[in-house]
Amino acid sequence: MPDLPSLRILADENIPHVHEAFGTLGTVTLTPGRAISASDVQAADVLLVRSVTEVNASLIQNHALQFVGSATIGTDHVNQAALSQRGIPFAHAPGSNADSVADYVLTALLHHATRTGTDLPTRTVGVVGCGNTGRRVARRCEALGCRVLRNDPPRAKNEPEHADQFVSLDTLLQKANIISLHVPLTTGGPHATRHLLDTNVVAAMQPGTWLVNTSRGAVVEANAVRHGLRDGPISALLFDVWPGEPAPAPDLIRDAAVATPHIAGYAYDGKVRGTHMLYQALCDVLDRPATWQPNEVLAAHAPDTWHLAPPSARWPRTEAWHALAQQAYTIADDDRRMRALASHPPEERAKAFADLRRTYPIRREMNRYAVAADSLLAEWHQPVSAGLTMQLTVPGATSSHMRST
């Protein structure tokens, strides 16, 4: 490993606070993730990416790399075998943005439910993939009062003591009328997820199903979804990830009930958490103390807690919870920006899609927000505190983090 001041660190420009975190370890160069080339990598000791950079054998040929990190939960864009063969340490950020994605899913569901006059707790949610994110989504939907079915064949096999907590995909399709996808993208093995939702799977869904995808676009087969939406059982697409990224098909954008540009995990807290996890991993490889902490940069953008206006006790519960959620995250703004892409030709659409991600405004996780407990109906306490994960403040409390459930 070179001396620390001589480390050359190449990073995706969408990873926040790389200069602050890694600057003491070497010289940092930022570049668009999709533009990172083999020649760029040849001049780097450390490579830090997000999901849009394909780290494959050709990218790392003739390299001087000493470390590769991905500030993401998923790793389908990284050929870890190629890194291992070359002796390059690899780290990623599992769980870093899981709360952000769960925030997104609940906000999208409440947004669509409110627009359609649906009482969300009357729906059955099928969670496909129960890792860091899927577990949170399942738990939080249950806190809202939804029935939840969990499907995760690898986890059911590897955790036999919990096998009874999972159902088959066939059972989930028969009983759930909301399906939320949280699987990694895999192309081989007994549980491959590429085009997991094909024509047969879509045809087996319940009539009126809402389909939520925050995993990877290629998990769904575009034509199967088109047919399911227009002539079959799907009544709503709530899509953050798309077949054909970064230039999703205009008809899918237009037909989606909620359309956003792969930003479900883009809450500022999660992105900074991902940076910190990679920084700690590199420090471990270097056998150096990790001195950079994210607390200051997180606090610099806002107070410790935002206090929300309570909804009226006369409102229906779904509408009331949506009123709180949209104060933390106005998903309609992201939806509006995304829909403008449908009129772009493919080459311009890809650039515009990337620009939406690159210029994404700061959004904080819902757990940063608080509402007075005595301003809510008692039966809303659990849905708000455990479902939305918002803080409930009580009169006379000395800390804004006190909860009452």
Side-chain angles (χ1 to χ4, degrees), residues 10-16 18 29-41 47-56 58-60 70-79 97 100-101 104 108 181 184-185 187 193-195 197 211-226 229 237-267 271 274 331-363:
L10 177 65
D12 184 316
E13 64 182 4
N14 280 347
I15 302 176
V18 174
T29 301
L30 301 181
T31 192
R34 294 188 189 277
I36 293 175
S37 66
S39 59
D40 296 325
V41 174
L47 174 63
L48 307 175
V49 301
R50 290 189 61 84
S51 60
V52 299
T53 303
E54 291 290 331
V55 181
N56 50 35
S58 61
L59 184 72
I60 61 175
S70 181
T72 57
I73 292 177
T75 59
D76 53 274
H77 56 294
V78 178
N79 186 333
N97 64 358
S100 175
V101 178
Y104 174 96
L181 303 174
L185 179 61
T187 56
T193 61
R194 181 175 179 83
H195 291 176
L197 268 66
L211 178 59
V212 186
N213 193 7
T214 57
S215 56
R216 289 289 188 265
V219 170
V220 304
E221 201 283 312
N223 284 331
V225 169
R226 284 189 179 94
L229 185 62
L237 300 180
L238 291 73
F239 271 21
D240 181 59
V241 294
W242 304 82
E245 277 189 36
D251 65 314
L252 287 181
I253 297 174
R254 287 191 293 263
D255 291 345
V258 174
T260 54
H262 200 152
I263 46 73
Y266 262 37
K271 292 179 73 174
I331 199 171
D333 290 344
D334 286 342
D335 178 85
R336 183 180 63 254
R337 287 187 284 263
M338 178 68 179
R339 290 186 187 280
L341 270 64
S343 61
H344 289 51
E347 64 278 7
E348 294 181 11
R349 199 179 317 133
K351 181 181 184 303
F353 188 92
D355 286 344
L356 286 176
R357 303 184 78 211
R358 179 178 57 83
T359 61
Y360 191 67
I362 288 176
R363 163 167 64 95

Check your understanding: Can L237 and L252 be said to form a side-chain contact (heavy atoms from CB on, under 4.5 Å), step by step?
Key -> CA-CA 9 Å; L237 300 180; L252 287 181; 4.3 Å; yes
Practice item. Using the test side-chain hydrogen bond (donor to acceptor under 3.5 Å, both in side chains), find all partners of D333 that sit at least two apart in sequence or belong to another chain. Key: R336
Review point. Quick one: salt bridge (charged side-chain N to carboxylate O under 4.0 Å, His left out) partners of R226, sequence neighbours excluded?
Key: D251
Check your understanding: Which pairs pass side-chain hydrogen bond (donor to acceptor under 3.5 Å, both in side chains) with one or both residues in residues 340-357, sequence neighbours excluded?
Key -> Y266-R357, K351-D355, D355-R358
Point to revise | Stepwise side-chain contact (heavy atoms from CB on, under 4.5 Å) check, K271 with S100 | key: CA-CA 9 Å; K271 292 179 73 174; S100 175; over 6 Å; no
Practice item. Check whether any side-chain N or O of S70 sits under 3.5 Å from a backbone N or O of S51 as a donor-acceptor pair, and report yes or no. Key: no
Practice item. Applying side-chain contact (heavy atoms from CB on, under 4.5 Å), name anything that partners N213, two or more places apart in sequence or on another chain. Key: L181, S215, V220, F239, V241
Review point. What's the shortest heavy-atom distance between P346 and A247, and which atoms?
Key: O-CB, 3.7 Å
Point to revise | Pairing residues for I36 by the side-chain contact (heavy atoms from CB on, under 4.5 Å) criterion, not counting sequence neighbours | key: L10, T31, V41, L47, V49, T53, L59
Practice item. Applying side-chain contact (heavy atoms from CB on, under 4.5 Å), name anything that partners T359, two or more places apart in sequence or on another chain. Key: none
Review point. Can you name the residues that form a side-chain hydrogen bond (donor to acceptor under 3.5 Å, both in side chains) with T260, not counting sequence neighbours?
Key: Y104, D240
**Study point:** Under 3.5 Å donor-acceptor, R216 side chain and R194 backbone
**Key:** no
Point to revise | Those residues that, when tested against V18, pass side-chain contact (heavy atoms from CB on, under 4.5 Å) (two or more places apart) | key: A11, I15, F22, V28, L30, L48
Revision key, fill the gap. Sorted by chain and residue number, the side-chain hydrogen bond (donor to acceptor under 3.5 Å, both in side chains) partners of R339 (sequence neighbours excluded) come out as D335
Review point. Looking only at heavy atoms, what is the nearest atom pair of A71 and R50, with distance?
Key: O-NH1, 3.0 Å
Check your understanding: Where do A38 and S58 come nearest, in terms of heavy atoms and distance?
Key -> CB-O, 3.6 Å
**Study point:** Heavy-atom pair of closest approach, residues P248 and M338
**Key:** CG-CE, 3.9 Å
Review point. If you take all heavy atoms of A264 and T214, which pair is closest and at what distance?
Key: CB-CG2, 4.0 Å
Study note, to complete from the structure: Minimal heavy-atom distance between G33 and D12, with the atoms involved, is CA-OD2, 3.2 Å
Exercise for review: Start with the C-alpha distance between I60 and N79, add both sets of side-chain angles, then the distance that settles side-chain contact (heavy atoms from CB on, under 4.5 Å), and finish with yes or no.
Suggested key: CA-CA 10 Å; I60 61 175; N79 186 333; over 6 Å; no
Practice item. Can you sort out the partners of D334 under side-chain hydrogen bond (donor to acceptor under 3.5 Å, both in side chains), two or more places apart, ordered by chain and number? Key: Y329, R337, Y360
